[in-house]
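Following: one structure in structure tokens, then a few remarks.
Throughout, a chain's letter reflects where its sequence line sits, starting with A, and its residues are numbered from 1. Quick note: numbers below take in every heavy atom, side chains included, and nothing from hydrogens, waters or symmetry partners.
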Amino acid sequence: MFKFLKRLFKGENGVRVRIAPSPTGYLHIGTARTALFNYIFAKKYGGKFILRIEDTDLERSDKKYEKDIIENLKWLGLDWDEGPYRQSERLNIYEKYLNKLLKEKKAYWCPHTKEELEEERNGQIANKTVLIHKCDARDKDLSRGELIRFKIPKAKPVISGNETIYPADSIIFNDIIRSQVHFFTDPIGDFALAKNISTPLYNFAVVIDDYEMKISHVIRGEDHIANTPKQILIQRALNFSTPQYAHLPLILDPDRSKMSKRHSATSIEEYQKQGYLPETLVNFMALLGWHPSDNKEKMSLPEIIQCFDIKRIQKGGAIFDVQKLDWLNSQYIKKYDNEALLKLIKQLPDFEIAANDSQLLKIINYGKERAATLKNFQAIADSYTRLNDYKSEMLLWKNTGAKNTKENLRKTKEILFVILEREFNKSGSEKYLMPLADSQGRGEVLWPLRVALTGRDKSPGPFEIIDVLGKEESLKRINMAIEKLSNLII
RNA sequence: GGCCUUAUCGUCUAGUGGCCUAGGACAUCGCCUUCUCAAGGCGGGAACAUGGGUUCGAUUCCCAUUAAGGCUACCA
């Protein structure tokens with residue numbers, strides 16, 4: 001009953017959207033965001049999210065990229081309901097429609113070679129005219145040639161008086177985000193549909209697949225706006241209905257150009273390796289060009305789906321701001337489960353730390369307040385466990401002398417000995433050491449203690465470090481410091 | 001060159017003709033907290049691209065200019 005009502009409301013097939021990456025590179029952040037918006041839209045309206053691998057370009061496509069795309073889509077939690085379909089496995093379908101178009105003279109074989117095309121093009125650049133191929137074979141119905149082109153239909157001439165007027169033909173489509181977009185067909189030119197009968201090109205394969213897969217909404221990047229009239233032209237020639245279009249604004253580099261490898265990390269995997277959580281990336285990507293009606297910014301995927309409204313998607317491109325990404329990630333890390341963080345950190349490439357799991361868990365517990373990325377835990381863990389080489393003078397707080405400092409460290413050691421067998425942890429050490437610090441001056445006691453434990457002028461607090469290091473190592477380092485101070489006194 | 005798109009703090013954005021002295025977040029700066037560094041709390045500075053209209057009234061509507069970006073393949 002519910003399903004029936006839903007179908008009634010959404011039309012025959014309901015909402016069906018797709019993400020159509022081409023496996024010519026690792027999962028790009030832009031592709032991932034497009035996938036995210038499609039996913040959100042599908043879930044919001046109880047529709048289906050379809051994965052289609054667009055691998056018609058055999059030379060540039062690679063299985064390793066396909067694998068990366070699939071793995072990282074899953075990592076982000078963007079699971080698809082159908083697919084993956086592969087265009088390379090659907091060649092006979094395209095062939096069927098290509099033959100139909102050829103037979104109905106809506107497409108034709110173009111006999112011109114790459115070289116001839118280039119020459120024509122160079123001439124057009126020199127003359128500053130529109131860059132399109134004007135084929136002298138468009139009505140010759142050749143049975144073969146260099147490639148198959150779409151024959152752009154000419155508007156019917158209008159005769160007024162003794163004048164014949166050729167009206168400009170135009171394509172107007174409704175974009176959910178941008179409202180009406182208008183194109184004249186003339187400057188489009190007879191574009192290529194396929195290299196040959198069994199090698200379709202992008203614009204053609206997309207139209208066929210979207211029709212065959214009953215795609216209701218095409219949500220994709222703004223860089224496809226110019227392709228849309230071509231695709232609509234093919235749909236009309238084949239008597240297909242036109243899906244709803246929504247063109248997302250681009251993700252930009254700080255110089256406002258389309259986000260590219262030259263300026264930033266563009267693949268999802270790179271962000272994963274740097275220690276960003278999938279929750280962060282999903283949240284952040286959703287906020288790039290979209291905003292809920294309230295001011296809420298930290299949102300889980302279900303929450304985003306809940307309040308998502310496609311009409312609120314921005315028209316202008318959005319710069320990818322790593323600083324805000326870092327902040328968001330730090331917010332998620334703070335709330336994350338310690339055990340889960342431990343697992344993730346150990347999976348990080350190049351993560352090396354001289355500490356056991358229970359120490360690491362303590363470090364995570366204390367250190368997650370200061371981490372922006374998982375990778376930061378390397379430096380954080382070091383600051384807890386690794387003793388830096390340091391000059392004896394560093395032990396002196398402001399203008400406290402070596403003698404007093406040594407005395408304070410000695411007293412500190414004594415107190416630590418008292419709690420050796422019982423509360424040798426953060427709260428215990430703090431409880432017993434703070435009275436001394438308060439009576440002798442906090443800086444006078446705590447500063448040398450912290451330097452003794454770390455050899456650093458900047459570090460986490462001494463009680464946390466004592467907890468991580470344990471009694472043996474802590475006392476060893478304090479003894480070392482006392483020795484250093486003795487040398488200073490002599 | 002042609003076509004298309006876009007235009008609010010440095011950045012992401014709120015805003016759909018009067019609620020705007022333009023709100024929030026990141027970043028930045030200051031203060032508090034504090035043994036240091038972070039984290040946290042409080043506060044400050046910071047924007048409607050320009051010029052014309054329309055209107056009693058424009059950030060908001062229209063036009064132009066400017067600027068930025070995208071597309072212009074036998075890539076997708």
Side-chain angles (χ1 to χ4, degrees), chain A residues 20-25 31 54-57 59-61 87 110 112-114 117-118 121 124-133 146-149 175 177-178 181-184 186-189 191-196 199 201-203 205-206 220-229 247 249-250 252 254-258 284 287-298 312 314-328 330 334 366-372 380 383 397-398 437 441-451 454 456-462:
Chain A
S22 74
T24 53
T31 310
E54 307 220 320
D55 56 353
T56 49
D57 186 346
E59 296 200 354
R60 293 202 307 147
S61 294
Q87 291 188 326
C110 167
H112 299 99
T113 62
K114 255 184 183 170
L117 256 23
E118 196 173 329
R121 195 184 155 81
Q124 287 165 345
I125 291 171
N127 293 326
K128 297 190 174 176
T129 54
V130 190
L131 307 179
I132 54 170
H133 173 51
E146 287 289 318
L147 80 162
I148 301 170
R149 284 184 185 278
D175 188 292
I177 298 165
R178 286 150 219 279
V181 184
H182 182 275
F183 281 92
F184 288 105
D186 239 27
I188 294 174
F191 56 92
L193 291 176
K195 291 189 187 187
N196 55 55
T199 313
L201 257 12
Y202 166 74
N203 278 305
V206 164
R220 69 209 327 186
E222 192 187 358
D223 43 350
H224 284 293
I225 290 182
N227 284 324
T228 309
H247 287 96
L250 258 22
L252 274 23
D255 69 351
R256 297 216 143 266
S257 62
K258 192 171 158 183
F284 186 72
L287 253 21
L288 239 34
W290 176 82
H291 217 75
S293 55
D294 54 23
N295 277 324
K296 199 166 181 193
E297 296 211 295
K298 265 197 69 187
R312 291 185 62 83
Q314 218 69 221
K315 293 190 193 107
I319 293 176
F320 191 94
D321 181 9
V322 182
Q323 283 182 317
K324 188 150 186 175
L325 209 218
D326 281 349
W327 172 78
L328 235 202
S330 75
K334 280 191 227 308
Y366 299 137
K368 70 180 176 183
E369 292 292 323
R370 46 215 311 150
I380 291 167
S383 73
W397 167 250
K398 291 188 174 167
R442 291 190 173 187
E444 277 78 357
V445 175
L446 267 15
W447 173 271
L449 205 214
R450 207 171 48 71
V451 173
T454 62
R456 297 158 200 260
D457 57 346
K458 297 169 189 171
S459 84

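- Considering CD of A:Glu297 and CG of A:Asp294, their distance stands at 10.0 Å, rounded to 0.5 Å.
- At B:C35, none of the side-chain N or O atoms of A:Trp447 fall inside 4.0 Å of OP1 or OP2 (strictly under the cut-off).
- Of the candidate nucleotides B:A76, B:G24, B:U36, B:A76 has the atom nearest to the side chain of A:Asp57.
- One can place CG of A:Leu193 at 15 Å from P of B:A73, the figure rounded to the nearest angstrom.
- Side-chain atoms of A:Asn295 lie closest to B:G24 of the nucleotides B:C35, B:G24, B:A76.
- Using atom C1' as the reference point in both B:C9 and B:G23, the two lie 12 Å apart (nearest Å).
- In this structure, A:Ile132 CD1 and A:Arg121 CZ are separated by 12.0 Å, a value rounded to the nearest 0.5 Å.
- A donor N or O paired with an acceptor N or O is found under 3.5 Å between the base of B:A25 and the side-chain atoms of A:Lys324.
- Residue contacts for A:Gly461: at a heavy-atom cut-off of 4.0 Å it reaches a base atom on one of the strands shown.
- In this structure, A:Phe183 atom CZ and B:G2 atom C1' are separated by 12 Å, rounded to whole Å.
- Across all strands, A:Val181 comes closer than 4.0 Å only to sugar-phosphate atoms, never to a base (heavy-atom distances).
- A 3.5 Å limit on both hydrogen-bonding distances identifies B:C42 as the Watson-Crick or G-U partner of B:G30.
- At B:A25, none of the side-chain N or O atoms of A:Lys296 fall inside 4.0 Å of OP1 or OP2 (strictly under the cut-off).
- In this entry B:A25 has B:U11 as its Watson-Crick or G-U wobble partner, both defining distances falling under 3.5 Å.
- With rounding to the nearest 0.5 Å, the separation of CG in A:Leu252 from CG in A:Asp321 is 12.5 Å.
- Using a 4.0 Å heavy-atom criterion, one finds that A:Ser293 contacts no nucleic acid atom at all.
- As rounded to the nearest Å, B:C4 and B:U65 have P atoms that lie 13 Å from one another.
- Considering CG of A:Asn227 and CZ of A:Phe191, their distance stands at 9.0 Å, rounded to 0.5 Å.
- The residue A:Lys258 sits close only to the backbone: its heavy atoms come under 4.0 Å of sugar-phosphate atoms, none of a base.
- A donor-acceptor contact under 3.5 Å is not formed by the side chain of A:Arg178 with the base of B:U5.
- With 3.5 Å as the limit, one finds no donor-acceptor pair spanning the side chains of A:Ser293 and A:Arg312.
- On the C1' atoms, B:G15 is 13 Å away from B:A58, given to the nearest whole Å.
- As judged by a 4.0 angstrom heavy-atom cut-off over every strand, A:Leu131 is placed among the base-contacting residues.
- Residue A:Arg312 has a polar side-chain atom (N or O) positioned under 4.0 Å from OP1 or OP2 of B:G15.
- Among the atoms of the strands shown, only primed sugar atoms or phosphate atoms (P, OP1, OP2) are found under 4.0 Å from some heavy atom of A:Lys128.
- Rounding to the nearest 0.5 Å places SG of A:Cys110 at 3.5 Å from NE2 of A:His133.
- When rounded to the nearest whole Å, the span between CD1 of A:Ile380 and C1' of B:A39 equals 11 Å.
- Among the atoms of the strands shown, none is found under 4.0 Å from any heavy atom of A:Asn203.
- Considering only the side chain of A:Glu297, B:A25 comes nearest among B:A25, B:U72, B:A76.
- Under the Watson-Crick or G-U wobble criterion, with both distances below 3.5 Å, B:G1 is paired with B:U72.
- Using N1 to N3 plus N6-O4 or O6-N4 for Watson-Crick, or N1-O2 and O6-N3 for G-U wobble, each under 3.5 Å, B:G18 pairs with B:C56.
- Separation of the C1' atoms belonging to B:A46 and B:A27 is 11 Å when rounded to the nearest angstrom.
- Separation of the P atoms belonging to B:C29 and B:A39 is 12 Å when rounded to the nearest angstrom.
- Between the side chain of A:Gln323 and the base of B:C26, no donor-acceptor pair of N or O atoms lies under 3.5 Å.
- Rounded to an integer number of Å, the gap from CG of A:Leu147 to C1' of B:C74 is 5 Å.
- Regarding A:Trp327, its CH2 atom lies at a distance of 19 Å from the P atom of B:U11, rounded to whole Å.
- Residue contacts shown for A:Phe184 are absent, as no nucleic acid heavy atom lies under 4.0 Å away.
- What separates CG of A:Asn227 from P of B:A73 is a distance of 11 Å, to the nearest Å.
- OP1 or OP2 of B:A14 has at least one side-chain nitrogen or oxygen of A:Gln314 nearer than 4.0 Å.
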Please assess A:Val181 against A:Ile225 for the test side chain to side chain contact (heavy atoms under 4.5 Å, CB included), listing each intermediate value before the final yes or no.
-> CA-CA 9 Å; A:Val181 184; A:Ile225 290 182; 4.2 Å; yes

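- Whole-Å rounding puts the A:Lys315 NZ to B:U5 C1' distance at 11 Å.
- Residue-level contact check: A:His133 touches neither bases nor backbone, having no heavy atom under 4.0 Å from any strand.
- Shown here, B:U6 forms a base pair with B:A67; the pair counts as Watson-Crick or G-U wobble because both key distances fall under 3.5 Å.
- Nearest heavy atom pair, residue A:Ile148 against residue A:Asn196, reads CD1-C, 4.0 Å.
- Using a 4.0 Å heavy-atom distance criterion, A:Arg220 is classed as making no nucleic acid contact.
- Here the NZ-OG distance, from A:Lys368 to A:Ser330, works out to 12.5 Å after rounding to the nearest 0.5 Å.
- When rounded to the nearest whole Å, the span between CG of A:Leu252 and C1' of B:U5 equals 12 Å.
- Residue contacts for A:Arg456: at a heavy-atom cut-off of 4.0 Å it reaches no nucleic acid atom on any strand shown.
- Taking only side-chain nitrogens and oxygens, A:Lys298 never comes nearer than 4.0 Å to OP1 or OP2 of B:A25.
- Counting non-hydrogen atoms under 4.0 angstrom, A:Thr24 reaches nothing in the nucleic acid.
- Each of A:Asp223 and A:Ala20 was assigned the nucleotide of RNA chain B with the nearest heavy atom; the assignment lying further toward the 5' end belongs to A:Asp223.
- Between A:Glu444 and A:Ala226, it is A:Glu444 whose nearest contact on RNA chain B lies nearer the 5' terminus.
- Proximity of A:Ser330 to the phosphate of B:A39: no side-chain N or O atom is located under 4.0 Å from OP1 or OP2.
- For B:G69 and B:U8, the P atoms lie 15 Å apart once the distance is rounded to whole Å.
- Comparing B:A68 with B:G52, their P atoms are spaced 23 Å from each other, to the whole Å.
- Using cut-offs of 30° and 60° for the angle between ring planes, the A:Trp447 and A:Trp397 rings count as tilted.
- Residue side chain A:Asp321 does not reach the base of B:A27 through any donor-acceptor N/O pair under 3.5 Å, judged by distance alone.
- Using a 4.0 Å heavy-atom criterion, one finds that A:Arg60 contacts the bases of the nucleic acid, with or without backbone contacts as well.
- Nucleotides B:U36 and B:C19 place their P atoms 48 Å apart, quoted to the nearest Å.
- Under 4.0 angstrom from either OP1 or OP2 of B:U5 there lies no side-chain N or O belonging to A:Arg256.
- Within the nucleic acid shown, A:His224 comes within 4.0 Å of at least one base atom, counting heavy atoms only.
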